[in-house]
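The structure appears right after this line, and notes come after that.
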Amino acid sequence: MQGYGRQMISRRKPALHLASAVVTSAAFAWACGGTQPEPAPPMPPAAADTAQPTAPPDAPEAAPTPAEADEFVATLNKELKDLWTERERIAWVKSTHITYDTQLLEAKSAARVMKYLGRRIKEAQRFEGLKLKPDTARALHLLKFSAGLPAPDNAAERDELATISSELDGMYGKGKYCSKKLIGKGLKKGEKIKGDQGCRTLGQLSEIIATSKDYDLLEEAWSGWRTISKPMRKKYTRFVTLGNKGARELGFQDMGDIWKGRYDMSGEEFLKEMDRLWLQVKPLYDQLHCYTRARLRKEFGEKRIGKRDPIPAHLLGNMWAQEWSKLYPRVIPYKGKGQPDLTKQLKKKKYDGVKMVKLAERFFTSLGMDKLPSTFWERSQFSKPRDREVVCHASAWDVGMEGDLRIKMCIKVDEEDLITIHHELGHNYYFHYYKHQPVMFKDGANDGFHEGIGDTLALAVTPAYLKQAGLLDKVVESEEADINLLMRRALDGIAFLPFGKLIDQWRFDVFSGKVSPANYNAHWWKLRRQFQGIAPPSERGEEHFDPGAKYHIPANVPYTRYFIARILQYQFLRALCKEAGHTGPLYKCSFYGNKKAGEKMIAMLRLGASKPWPDALEAISGERRMDASAIIDYYKPLMAWMKDQTKGESCGWD
Ligand code: X8Z
Ligand code: ZN
C-alpha cells in the first residue's frame, strides 16, 4: 500500500499520491494556468537503463512541442494504467495473504512502477515552459508530484527501497505481541484461545485499550504493541535515505518536498494553510482535552494525572490516542439520557460485516448514486481470515481502474467499523464517478477530498436516519441527548485533529533532515505532547521506534489528508444540507435520500483530479477556500457546555 489513491489508503496512488514540494513556477503554472513560467532547465542525463535516446549524441536536441507533450501524456496514461493495474493486483494478493513470496512479488512490481515513473517525470521536464493545453499541463503537473516514494535511478538501490517498503508494511500487518500477562486478556466475551500463550494481535490489544480500566494492563497492551516497531527503525532510516535520494534526483529537496506540492499551491503556502486551519480549530481541541482530562483524573486519581499534566497516552481508549470515542460511556455528559448504543443495536439486529456494508451502500444509493458492482461483493475481504496473515488496516481499492472496486477490512460489528465502512465506500464511489477521466485524473481533487467523502455521509448517520434504517426503535429528543451526541462525535472528530496534523509534521522534519535518526522517537513524543497534550506512560528512549506502530508510517501513506478531510467533511455537510433544504442545527441534518444533495456530490466526484481542488470545492459548496467555520458551528452547543463544566480547571498542559 502506499499512498492512497487507488487503494485509497491504498495503493495505487501511493506512489502516485504522495507528493511534494518546492513548487516551481512552472509547476504552478501547469496547475493554475496564468503566467508563463521560466524556460525549464535541461533534462538531467538519464541513467543507462532508463534512457530513451531520440537523437544521436552530438546532434542538437530538437525543441519539444506542445503536440509532443499531448502525445507524451496520452502514452503515459496508457502505460501507467497497465503498470498500476499489475501492481494493484499483486498488492491485493500480498495484503490479503502476507508471505515471503507475496512480499517479494510486491517489491518487484513496485520497483517497476518506480523506475517507470522516475523516468517519465524526468522526461517531462523538457515540456516545462511551453504553452500547453490546460489538460496536458495539469497532467504533467500531477505527474511531477506523483512519486510518493521516489526511487533512486540506481537499480540496486531502487530494488532495496521497494523491498524495505514491502517489508515494513508486512511487519506491521503481521505484528503480534506475546506476554504471559496477557493470558486470558483482550478476548471478546465468551472467547477462549486453546492453549493461550498470551500472544495478541493489534485487534486484540486494541480491545484491551478500548475496554480495560486496569492501568497496568493498559500499559502492557500499549507498550506491547510498540514492540513490533522496534525492528523497523533501521529499515525506516534506510528507507528515508533512499527515498530522499530518489527525490533529489527528480529535482526535489526531499520526499516531504514532493508530498507538500500536491495541493495546487507551493509547499510553503500549504504549510501555512494547514497552520491556519489548525489555529481555527485548536480552541475546540483544548476544551475537549481539558474536559476529558478532568474526567480521567477523577477516575485514575491526581497521582496518575496531575492538574497540568499531559494525558497518559494509554488511557484514551485508542492505541494511538487518535480518537477517543471508546471513552464515551465514561465521560458521557448526561448518563442515561442519550440514544441507545449503536453497537448493541447492531448486534441485537443481527448485523454482520456484509449487512453493515449493504447499509452503507444504501446511503449512497439513496442519494441517486449507482449500486456497487457484483464483483465488489465477490472480491472484497470483509472479515479477517483465520488461516493467514493479512493487512487488516481498512482500505478501498480500484484494481484496474475500470470498476473492479473492493474493500479490504476485518470488520467488527460495532459503531466504529460502521463509520469506517462509510469512509471506505466514499473512496469506492469517488473511483466510480471519475472512471471516465484519463488515468492521470483518476484521483481526488486533493487527497483530503478523497478521505472526506465517506466521512461526510457518516456525519449524516444521525439518530433520525438510524431510526429510518430500522436500527433505532426511537429517537430521544432532548437537549441532554443532543449534548451527548455531540460529545460522542467530538471524541472522534475533534480529538483527531492534532494527531492528523502532527504525523506528517514529524515526517517532514525527518525527511528534511531537521531531525536525525538519533532523535526519531524524542521528536515524535515532543510533537505528541505539543499538539495533543499527551505523554507516554513510561520513558520511550531511542531504542524504540514508536512512529512505526502507526500503520501509515511503515506503509508510507501521507497523513495530512485526514486532517484536511476532518475539516472539509463539515464544510461538505453544510453545503449538502443547504442543498437539501435543511434548517436548524447542522448536527441534526441528514441528507439521506436527497437526490439534489447527491447530484452536488456527484458533480464534484466526477471532476476527479482534472481541475485544481478549489474548483471541486466550488462544485459542491460554492466556496473556494477550506474553512473550519462549519466544524466550529457544528460543535458550538457542546463547546459552551464544556466551558461551563471546566470552570475552575486549569486547562492546557506544561
Ligand atoms: O487510514 C484510515 C482509513 C483508510 S484511508 C481507514 N484512516 C486513518 C487512520 O485509521 O488512522 C481513517 C481515519 C484516519
Ligand atoms: Zn481513507
Side-chain angles (χ1 to χ4, degrees), residues 1-14 17-18 91 95 148 169 172-173 202-203 206 209-210 225 316-326 356-357 360 380-382 390-398 405-412 414-431 443-459 489 491-504 506-507 528 532 547-569 605:
M1 212 114 302
Q2 305 232 78
Y4 98 168
R6 215 78 301 4
Q7 134 223 50
M8 232 13 193
I9 194 184
S10 319
R11 244 344 358 55
R12 154 205 193 192
K13 254 141 159 227
H17 241 206
L18 317 197
S95 298
D169 191 51
Y172 187 96
L202 172 60
S206 293
I209 298 281
W225 175 245
L316 286 156
N318 174 280
M319 186 56 89
W320 309 275
Q322 66 180 68
E323 280 142 341
W324 305 347
S325 62
K326 290 284 173 6
M356 286 162 73
V357 181
S380 289
Q381 177 199 292
F382 298 114
V390 301
V391 179
C392 268
H393 192 89
S395 54
W397 299 61
D398 180 19
L405 307 176
R406 306 175 194 182
I407 60 171
K408 179 185 60 58
M409 285 186 70
C410 302
I411 301 177
K412 300 171 269 105
D414 63 16
E415 178 171 2
E416 184 182 26
D417 274 10
L418 185 63
I419 293 172
T420 303
I421 291 166
H422 284 82
H423 176 95
E424 298 307 334
L425 291 197
H427 290 311
N428 288 131
Y429 275 96
Y430 220 148
F431 296 144
D443 210 341
N446 71 38
D447 51 9
F449 280 63
H450 227 303
E451 298 299 340
I453 303 305
D455 292 359
T456 306
L457 270 70
L459 281 179
R489 297 240 149 139
L491 287 168
D492 281 345
I494 302 293
F496 181 80
L497 295 165
F499 183 79
K501 187 165 188 306
L502 75 83
I503 302 281
D504 282 350
W506 180 82
R507 273 191 290 211
R528 296 269 267 166
Q532 289 184 279
K550 174 66 196 163
Y551 173 73
H552 302 67
I553 301 289
N556 201 38
V557 180
Y559 210 82
T560 313
R561 60 185 60 189
Y562 303 110
F563 173 73
I564 295 173
R566 293 290 167 110
I567 287 174
L568 269 184
Q569 71 190 77
L605 300 182

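Remember, it's 1-based here, ligands and their atoms both numbered in the order they're listed. Side chains included, hydrogens not; waters and symmetry mates left out as well; all remaining heavy atoms used.
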Counting both backbone and side chain atoms, is some N or O of S395 under 3.5 Å from an N or O of ligand 1?
-> no

Would you say the side chain of R528 lies within less than 4.5 Å of the side chain of F499, judging by non-hydrogen atoms?
-> yes

Check: I494 main-chain N/O paired with W324 side-chain donor or acceptor under 3.5 Å = no

Measuring to the Zn ion (ligand 2), does H450 have an N/O/S atom at a distance below 2.8 Å?
-> no

Heavy atom of H450 under 4.0 Å from ligand 1?
-> no

So, do I209 and K326 sit near enough that their side-chain heavy atoms are less than 4.5 Å apart?
-> no

Ligand 1 to R566, heavy atom cutoff 4.0 Å, flagged ligand atoms 13 (C)

Could you tell me whether ligand 1 has any atom less than 4.0 Å away from a heavy atom of Y559?
-> yes

Using a 4.0 Å heavy-atom threshold (strictly under), name the region of R561 that reaches ligand 1: side chain, backbone, both or neither.
-> neither

Using 2.8 Å as a strict upper limit, say whether an N, O or S atom of E451 approaches the Zn ion (ligand 2) that closely.
-> yes

Aromatic plane relationship, Y172 with W225 - under 30° parallel, 30 to 60° tilted, over 60° perpendicular = perpendicular

Does some side-chain heavy atom of F382 sit less than 4.5 Å from a side-chain heavy atom of V357?
-> yes

Have a look at E424, H427, K408 and point out the one with the heavy atom closest to atom 4 (C) of ligand 1.
-> E424

Candidate pair I567 and L497, rule side-chain contact (heavy atoms from CB on, under 4.5 Å), full reasoning | CA-CA 8 Å; I567 287 174; L497 295 165; 4.1 Å; yes

Among N, O or S atoms, H427 approaches the Zn ion (ligand 2) most closely through NE2

Would you please classify the geometry between the Y430 ring and the H450 ring as parallel, tilted or perpendicular, with 30° and 60° separating the classes?
-> tilted

Under 3.5 Å: N/O of H423 near N/O of ligand 1 | no

Parallel, tilted or perpendicular, as decided by the 30° and 60° cut-offs, for the rings of Y551 and H393 | parallel

Could you tell me whether some N/O pair between H393 and ligand 1 is separated by less than 3.5 angstrom?
-> yes

